[in-house]
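Since the model is a prediction, treat every value here as computed from it, not as a measurement. Hydrogens, waters and symmetry mates are skipped; everything else that's a heavy atom, side chains included, is used.
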Amino acid sequence: MCDVETISKIAKCLEMPSGELELNEEQIVTRTCDNKVVTGFANILNKLAKESNSEIAKNSCCNREIEAQVYQWIEFAVLYVSPGSRDKHIAQQLLRDFNRLLLNKSYLVGHSLTIADLAIFYTIYDLMESLTPIDKENYLNLSRWFNHLQQRPEIRQDKKILNFTTIYLHGWATGTHM
């Protein structure tokens, strides 16, 4: 969710070394790189974005307003999405909220891919994987956003591609109704 693995994946997307990542005694993720220690998921991602020259990093730090919104989304991922995705009722509400938010948007912040999108993508991956085809159809805007991101190999990495095609959804629905 919002852990060492997620930071490693985002660092790879940003074309940055992840450094040494571990959980400290308080179970908070910590990054050590060049003898500098940064603690906390959001702080680490913020630091990676500022150090990277990737397009995603530039989109995430192009101005103070965007930077603040990106940071808020990352904090939201840590405080609400990650723990909420483990509770069935909260997870459904989160999915409905994301679906409504993405009705007229392609990305969470601005008009370009940012680390906010990456943080949420990795945080909800397992939840999206657990959805039935019917559920995916109920969250069409979220499904569109998620599918768009997963099509990029640098984002997907070792994750499997989840199926969002209408033909698959139609075939599944037809095959399960007699």
Side-chain angles (χ1 to χ4, degrees), residues 1-3 5-7 9-14 29 40-46 48-50 52 54-157 159-166 168-169 172-173:
M1 302 292 197
C2 294
D3 55 12
E5 179 186 355
T6 301
I7 291 174
K9 289 182 179 305
I10 293 174
K12 190 173 181 181
C13 287
L14 298 177
V29 67
F41 186 80
N43 292 331
I44 293 170
L45 293 186
N46 192 37
L48 286 169
K50 289 182 185 223
S52 174
S54 73
E55 194 65 32
I56 297 170
K58 290 176 186 174
N59 295 341
S60 302
C61 301
C62 62
N63 64 50
R64 291 183 150 233
E65 181 180 349
I66 296 288
E67 194 173 330
Q69 290 177 24
V70 166
Y71 192 84
Q72 287 176 324
W73 275 109
I74 295 169
E75 285 288 319
F76 184 72
V78 172
L79 297 173
Y80 299 104
V81 180
S82 183
S85 64
R86 294 182 211 125
D87 178 283
K88 180 181 176 182
H89 300 292
I90 295 172
Q92 288 175 346
Q93 185 61 50
L94 283 168
L95 294 175
R96 282 192 297 271
D97 291 345
F98 280 127
N99 193 58
R100 195 171 26 256
L101 173 78
L102 292 163
L103 176 65
N104 297 316
K105 298 174 82 167
S106 296
Y107 300 102
L108 296 175
V109 178
H111 303 290
S112 303
L113 181 64
T114 66
I115 57 173
D117 295 291
L118 299 179
I120 297 297
F121 174 85
Y122 292 120
T123 304
I124 67 168
Y125 181 89
D126 292 341
L127 184 57
M128 294 299 288
E129 186 177 32
S130 73
L131 294 179
T132 67
I134 299 299
D135 292 333
K136 291 174 186 172
E137 281 192 348
N138 289 332
Y139 305 117
L140 282 176
N141 303 313
L142 174 59
S143 293
R144 171 190 45 79
W145 171 84
F146 190 91
N147 190 43
H148 172 67
L149 267 60
Q150 79 168 351
Q151 295 304 318
R152 295 180 64 164
E154 70 273 18
I155 295 174
R156 185 179 64 253
Q157 296 176 29
K159 302 275 190 190
K160 71 177 184 177
I161 292 181
L162 304 183
N163 199 334
F164 288 92
T165 62
T166 307
Y168 171 78
L169 295 176
W172 185 87

(request) Have a look at Asp117 and tell me which of Asn59, Val109, Leu108 forms a side-chain contact (heavy atoms from CB on, under 4.5 Å) with it. (result) Leu108
(message) Restricting to non-hydrogen atoms, name the atom on Ala77 and the atom on Pro83 that form the minimum distance, rounded to 0.1 Å.
(response) O-CD, 4.3 Å
(request) Would you confirm whether Ser52, through its side chain, and Ala49, through its main-chain N or O, come within 3.5 Å as a donor-acceptor pair? (result) no
(request) Taking all heavy atoms of Lys136 and all of Asn163, pick out the closest pair and write down the distance. (result) NZ-O, 2.9 Å
(request) Calculate, to the nearest 0.5 Å, the distance between atoms CG and CE belonging to Asn147 and Met128 respectively. (result) 9.0 Å
(message) Please determine whether the number of non-hydrogen atoms from other residues, nucleotides or ligands lying under 6.0 Å from atom NZ of Lys12 exceeds 12.
(response) no
(request) State the CD-NZ distance between Gln150 and Lys160, to the nearest 0.5 angstrom. (result) 10.5 Å
(request) Can you measure from CG (Leu94) to CD1 (Ile124) and round to the nearest 0.5 angstrom? (result) 9.0 Å
(message) For Phe164 and Gln151: C-alpha separation, side-chain torsions, deciding distance, then whether side-chain contact (heavy atoms from CB on, under 4.5 Å) applies.
(response) CA-CA 11 Å; Phe164 288 92; Gln151 295 304 318; over 6 Å; no
(message) Please give me the minimum heavy-atom distance between Glu67 and Asn46, naming the atom from each residue.
(response) OE2-OD1, 4.0 Å
(request) Check the surroundings of atom CD in Glu65: do more than 12 heavy atoms from other residues, nucleotides or ligands lie under 6.0 Å from it? (result) no
(message) Return the CG to OH distance between Leu149 and Tyr122, rounded to the nearest 0.5 Å.
(response) 8.5 Å
(request) Looking only at non-hydrogen atoms, find the nearest pair between Lys159 and Lys9 and report the distance. (result) CE-CE, 3.9 Å
(message) Restricting to non-hydrogen atoms, name the atom on Leu113 and the atom on Ile155 that form the minimum distance, rounded to 0.1 Å.
(response) CD2-CD1, 3.7 Å
(request) Measure the CD1-OG distance between Ile66 and Ser112 for me, rounded to the nearest 0.5 Å. (result) 8.0 Å
(request) Please state whether the rings of Phe76 and Trp73 are parallel, tilted or perpendicular, taking 30° and 60° as the class boundaries. (result) perpendicular
(request) Name the orientation class of the two ring planes belonging to Phe121 and Phe146 (parallel below 30°, tilted from 30 to 60°, perpendicular beyond 60°). (result) parallel
(request) Please check if the side chain of Asn99 supplies one atom and the backbone of Arg96 the other of a donor-acceptor pair under 3.5 Å. (result) no
(message) Nearest 0.5 angstrom please: Leu142 CG to Leu102 CG, how far?
(response) 6.5 Å
(message) For Ala119, is there any backbone N or O sitting under 3.5 Å from a side-chain donor or acceptor partner on Thr123?
(response) yes
(request) Show the numbers, then the answer: is there a side-chain contact (heavy atoms from CB on, under 4.5 Å) between Ile10 and Ile7? (result) CA-CA 5 Å; Ile10 293 174; Ile7 291 174; 5.8 Å; no
(message) Please find the pair of heavy atoms, one from Ile74 and one from Ala116, that lie closest to each other, and give the distance.
(response) CG1-CA, 4.5 Å
(request) Would you confirm whether Ser82, through its side chain, and Val78, through its main-chain N or O, come within 3.5 Å as a donor-acceptor pair? (result) no
